[in-house]
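Take a look at the following structure, please.
Below, read A as the first sequence line, B as the second, and so on, with proteins coming before strands; counting in each chain starts at 1.
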Amino acid sequence: MPLSKQQFSQVEFAARLFDPEATAPNGVVDPNGVAAPKRYSVYKNNVIVSYLEALAAAYPACKNLVGEDFFNALGRAYLTNVPPSSQLMILFGEGFADFVANYAPAQKIPFLPDIAKLERAWRLAYHSADIAPISAEKLSALPPEQLGDATVSFLPSVALISSPFPVINLWAAATKMQTLDGIDPQNGETALIVRPELDVNVHNVPKDLADPILAIIHGETLNHAAEIGLANNDDFDFSAMFSLLIQTGAIANIILDTKGT
Amino acid sequence: MSKSKTATGLIVASAMAAAISTAASVAPVHADEMAMEKCYGVSVAGKNDCAAGPGTTCAGTSKVDYQGNAWTLVPAGLCDNADFWAKVIPGDRAGSMEALDRDMAG
Amino acid sequence: MIGKYFGVGVGFKPEHFQNIMESQPDLGFFEVHAENYMGDGGIPHRMLGALRNQYQLSIHGVGLSLGTMGNLDQNHLHRLKSLVDRYQPALVSEHLAWSSHDEAKNLLFLNDLLPIPYTQETLDRVVEHVDQTQTTLGRQILVENPSTYVAFSDTQMSEIDFITQMQKHTGCGLILDVNNVYISANNQKMDAFDYLDSFPTHAVGEIHLAGHAEDVDDSGERLLIDAHDRKVAPDVWSLYRHVIQKTGEITTLIEWDNDVPDWPTLYHEAMDAKSLMIELGADTHAAQ
C-alpha cells in the first residue's frame with residue numbers, strides 16, 4: 001500500500017516529537033495559517049514529560065539513587081534507544097534494566113541495573129494474574145515418594161534476582177529516601193518477589209538457595225534442584241528451601257511426573 | 001549429608017515427607033475479605049490519562065533541557081554519599097583493571 | 001434522542017477508593033481509563049470490581065488511536081473487548097485523536113491525544129476505525145471531541161462537519177467535552193457558543209467537564225492547555241449551562257487527572273454539576 005500524503009505526515013509528526021532540534025512539521029500551523037513551533041511543542045512536552053514521569057513512577061528507587069537530573073538524562077536516552085511500543089503505561093519501562101546496564105554514563109553506579117530489575121519485577125508482580133498459592137490440603141495429599149521427580153509451577157508474580165550487591169537493602173532505603181549509611185555495598189543479596197494475594201512481597205533469600213530455586217523456576221525436578229543445592233553447600237537443607245517456597249506462597253502447583261521413572 | 005553423587009540422588013521419601021508436612025504447616029491461608037482492606041491507601045504507579053502534561057509549552061522541551069548530558073552529570077541522589085562509596089572502592093572497576101594488568105604482565 | 005441518563009459521575013482515582021467505599025457517595029457512575037485496567041490482576045481489578053458492584057462504570061479508552069492513518073492495533077482492540085466483556089460498563093468511549101502508528105510492524109506509542117487534519121481521507125479512516133471498534137465490541141461507542149493546540153494547512157472541513165459526518169456514517173454516540181470546546185475555541189479562534197449550537201447534540205451520550213491551564217502561543221496570544229489539574233472554569237460552567245438549557249439532562253463527568261484533589265473537593269465539583277441540572281429542571285432523577 002503506497003504511503004498517502006496524510007500517512008506520511010503522521011509519521012513525521014511522531015518522529016519530530018522525540019527530536020529536540022526539530023521544529024513543527026510542514027502544514028502544522030496556527031489558526032491564521034502561520035507556522036506555530038511553540039504550539040507544536042505542547043505535544044512534544046506532553047509526550048516527553050509524560051514518559052519521564054512514567055519512568056520515574058516505575059523506577060522510583062533508581063530515581064532517588066541518582067537524582068532527578070541524572071535520571072531524566074538517562075530517561076531521554078532510554079526513550080531514544082527503546083522507543084515506547086505499548087499502550088499500557090502501567091507496564092511502561094520494559095528493558096530499562098538492560099538499557100542501564102549497557103549505558104556507559106551509568107557504569108558509575110554498578111548496582112543500578114539490579115535495582116531496576118527488582119523494581120521491574122515488583123511492577124510486573126503488582127499487575128500479574130490472580131493465581132492462588134497451593135493449599136495445605138493439596139500439599140498434604142502429595143505422595144512423598146514421587147516428589148523428587150516432580151516439577152513446580154509458580155505464581156506468575158514470582159521472580160528471583162540474585163545480585164552481588166545488597167539489592168534489597170539499597171532498594172528499600174532508596175524507595176523511602178533513606179540514607180545509604182550503614183549499608184555494606186559488598187554484601188550481595190538474593191531477592192524473591194512473590195504476590196500471593198494483593199501485596200507484593202520482597203523476600204531476602206539465603207544466598208545458597210538462589211541456584212536451586214532458579215533451577216526449579218527453570219523447570220528442573222526437585223531432585224535436580226537438591227543436587228545443585230548440595231553441590232554448592234554440604235549443609236544444604238532441602239526441607240528449608242521447600243518450606244520457604246511454600247511459606248512465601250510462591251508455588252502454585254506441584255506437577256508429578258506422570259510418565260513414571 | 002554427603003556430597004557424593006549417590007547421596008545427592010537420595011532425597012529419600014522420608015525427607016520429602018518431612019518437607020511436605022513442614023511446608024503444609026506454613027502454607028499461607030487465604031482470606032479474601034482481609035485482602036480487600038489492603039486495597040486502601042495503595043498508590044498506583046504509571047497510568048494512562050487523557051489530560052495534557054503537567055508542564056507548559058516549554059517545560060521539558062527547551063534545548064537546554066535536552067542537553068542534560070548524562071556523561072557530564074554526577075549522580076546527585078542518595079548515591080551522592082561518600083561514606084557509602086568509600087566501601088565500594090575495594091571492588092571498583094579501576095582497581096580490578098589494575099590487578100588484571102599485573103597478572104598479564106607477570 | 002440523547003443517550004440514556006446515568007447521572008453525574010467522576011473520574012475514579014485509586015487514592016479515593018477508601019473514601020468512596022466508606023461514604024457511598026450519591027453518584028451515578030465512575031469513569032476509568034481503559035488502559036489502566038489492562039493488567040492481568042491485582043489491586044486495580046479488585047478496586048474496579050468493588051466499584052462495579054455498587055455503581056455503573058464508564059470505560060474511557062485513551063490508547064486505541066482511532067485517528068491513526070495506519071491500522072487499528074488489533075491486540076489493543078481485543079484487550080479493550082476483554083475489559084468491556086468483563087465489567088459490562090454502561091458506557092464505552094474513545095477519542096477523536098491518534099496516539100500510535102505502526103511503522104514496519106513496530107508499534108510506536110506516543111502517550112498523547114494527537115490532532116488530525118479534517119479531510120475526506122482522515123474521515124474515511126476514522127469511520128472505518130469506529131466501525132471496526134463497534135463491530136468488535138458488539139456495542140456502540142462514544143467518540144469525544146478533541147482539545148487541540150495546532151491547526152493543519154490541509155484541513156478541508158470544520159471540526160463540527162467532521163464529527164457530524166463521522167457520527168452519521170458510524171451511528172456512534174458522542175462525548176461532548178465542554179472544556180475541550182472552550183480550549184479549542186480559544187486556540188482555534190472559534191466561537192464556543194456557535195460550536196455548541198451546531199454540535200450534533202442528539203447523539204451525545206455524555207458530557208465531560210474539567211479544568212484547564214493557560215499559556216501563550218508563538219505570537220504571545222492566550223493558549224489554553226487541557227491539563228485536568230484544577231476546578232472547572234467559570235466560563236466552562238457557562239457553556240455547560242447553555243448546553244443543558246437546550247438539551248435537558250445529560251450524563252455528566254468531572255475529570256481531574258493531575259494534581260488530584262482530596263475526595264470532598266472532587267465530589268463537590270460533581271455536586272455542582274448536579275445542582276445545575278436540578279436548577280434547570282433537567283435532572284429528573286433528582287428526587288430519587
Please step through side chain to side chain contact (heavy atoms under 4.5 Å, CB included) for the pair A:V29 and C:F152, ending with a clear verdict.
CA-CA 6 Å; A:V29 294; C:F152 293 92; 5.8 Å; no
A:P156, A:P37, A:S157: which one forms the most heavy-atom pairs within less than 4.5 Å of chain C?
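Top option by heavy-atom pairs under 4.5 Å: A:P37.
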Distance in Å, A:S85 OG paired with C:L108 CG, rounded so as to fall on 0.5 Å steps:
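One finds 8.5 Å between OG of A:S85 and CG of C:L108.
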All ring-ring contact (aromatic ring centres under 6.0 Å, His included) counterparts of C:H129, not counting sequence neighbours:
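Once residues adjacent in sequence are excluded, C:H129 has no partner under the ring-ring contact (aromatic ring centres under 6.0 Å, His included) criterion.
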Within the structure provided, determine whether C:L223 and A:V42 are in side-chain contact (heavy-atom separation under 4.5 Å).
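The answer is yes; the side chains approach within 4.5 Å.
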Could you give the distance from CD (C:E221) to NZ (A:K38), rounded to the nearest 0.5 Å?
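Here the rounded value is 12.0 Å.
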Using ring-ring contact (aromatic ring centres under 6.0 Å, His included) as the criterion, list what pairs up with C:F199, not counting sequence neighbours.
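With neighbours one apart ignored, the set is C:Y195.
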For the residue pair A:Q87 and C:E35, what are the closest heavy atoms and their distance?
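Scanning both residues, the minimum pair turns out to be O-CG, 3.7 Å.
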Mind checking whether A:D30 and C:K189 have side chains closer than 4.5 Å, heavy atoms only?
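No - every pair of side-chain heavy atoms lies 4.5 Å or more apart.
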So does C:D124 have more than 12 non-hydrogen atoms from other groups sitting under 6.0 Å from CG?
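Yes - once you tally the heavy atoms of other residues, nucleotides and ligands closer than 6.0 Å, there are more than 12.
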Test item: C:N111 and A:V47 side chains (from C-beta on) under 4.5 Å apart, heavy atoms:
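Heavy-atom side-chain distance check fails, nothing below 4.5 Å.
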Which is it for A:L17 and C:L110 under the side chain to side chain contact (heavy atoms under 4.5 Å, CB included) test, yes or no, and what are the steps along the way?
CA-CA 9 Å; A:L17 289 172; C:L110 298 158; 3.9 Å; yes
Just how far is it from atom OG of A:S86 to atom NE2 of C:H76, taken to the nearest 0.5 Å?
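Output value for this atom pair is 8.0 Å.
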Looking at CD of C:Q188 and CG of A:N32, how far apart are the two atoms once the value is rounded to the nearest 0.5 Å?
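CG of A:N32 is found 10.5 Å from CD of C:Q188.
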Name the region of C:T68, side chain, backbone, both or neither, that has any atom closer than 4.5 Å to a heavy atom of chain A.
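Both parts, backbone and side chain.
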Quick check for you: among C:S219, C:A151, C:G42, C:S153, which has the greatest number of heavy-atom pairs under 4.5 Å with chain A?
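Going by pairs under 4.5 Å, I would pick C:A151.
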Heavy-atom closest pair, residues A:Y43 and C:L113:
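That closest heavy-atom pairing would be CE2-O, 4.0 Å.
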Between C:D73, C:T148, C:L114, which residue shows the highest count of heavy-atom pairs closer than 4.5 Å to chain A?
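If we count pairs closer than 4.5 Å to chain A, C:L114 comes out on top.
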Using only atom types and a distance under 3.5 Å, with no angle test, would you say the side chain of A:R39 pairs donor to acceptor with the backbone of C:Y149?
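Between the backbone of C:Y149 and the side chain of A:R39 there is a qualifying donor-acceptor contact (under 3.5 Å).
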Which bit of C:S99 is near chain A, if near means a heavy-atom gap under 4.5 Å: side chain, backbone, both or neither?
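Contact with chain A: none, neither part.
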Please classify the contact between C:N187 and chain A as side chain, backbone, both or neither, with a heavy-atom cut-off of under 4.5 Å.
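For C:N187, heavy atoms of backbone and side chain both lie under 4.5 Å from chain A.
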In terms of ring plane angle, is the pair A:Y51 and C:F109 parallel, tilted or perpendicular, where the classes change at 30° and 60°?
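Plane angle over 60°, so perpendicular.
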Atom pair CZ/CG of C:R46 and A:L198 - distance to nearest 0.5 Å:
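Going from the CZ atom of C:R46 to the CG atom of A:L198 covers 4.5 Å.
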Inter-residue atom distance A:N45.CG - C:D215.CG, 0.5 Å rounding:
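Taking CG in A:N45 and CG in C:D215, the distance rounds to 9.0 Å.
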Please check if any side-chain donor atom of A:S128 sits under 3.5 Å from a side-chain acceptor atom of C:D40, or the reverse.
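No, no side-chain donor-acceptor pair sits under 3.5 Å.
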Could you go step by step and tell me if A:Q10 and C:I116 meet the side chain to side chain contact (heavy atoms under 4.5 Å, CB included) rule?
CA-CA 9 Å; A:Q10 266 186 358; C:I116 54 172; 3.9 Å; yes
Flag if over 12 foreign heavy atoms under 6.0 Å of CD, A:E220
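Atom CD in A:E220 is packed in, count exceeds 12.
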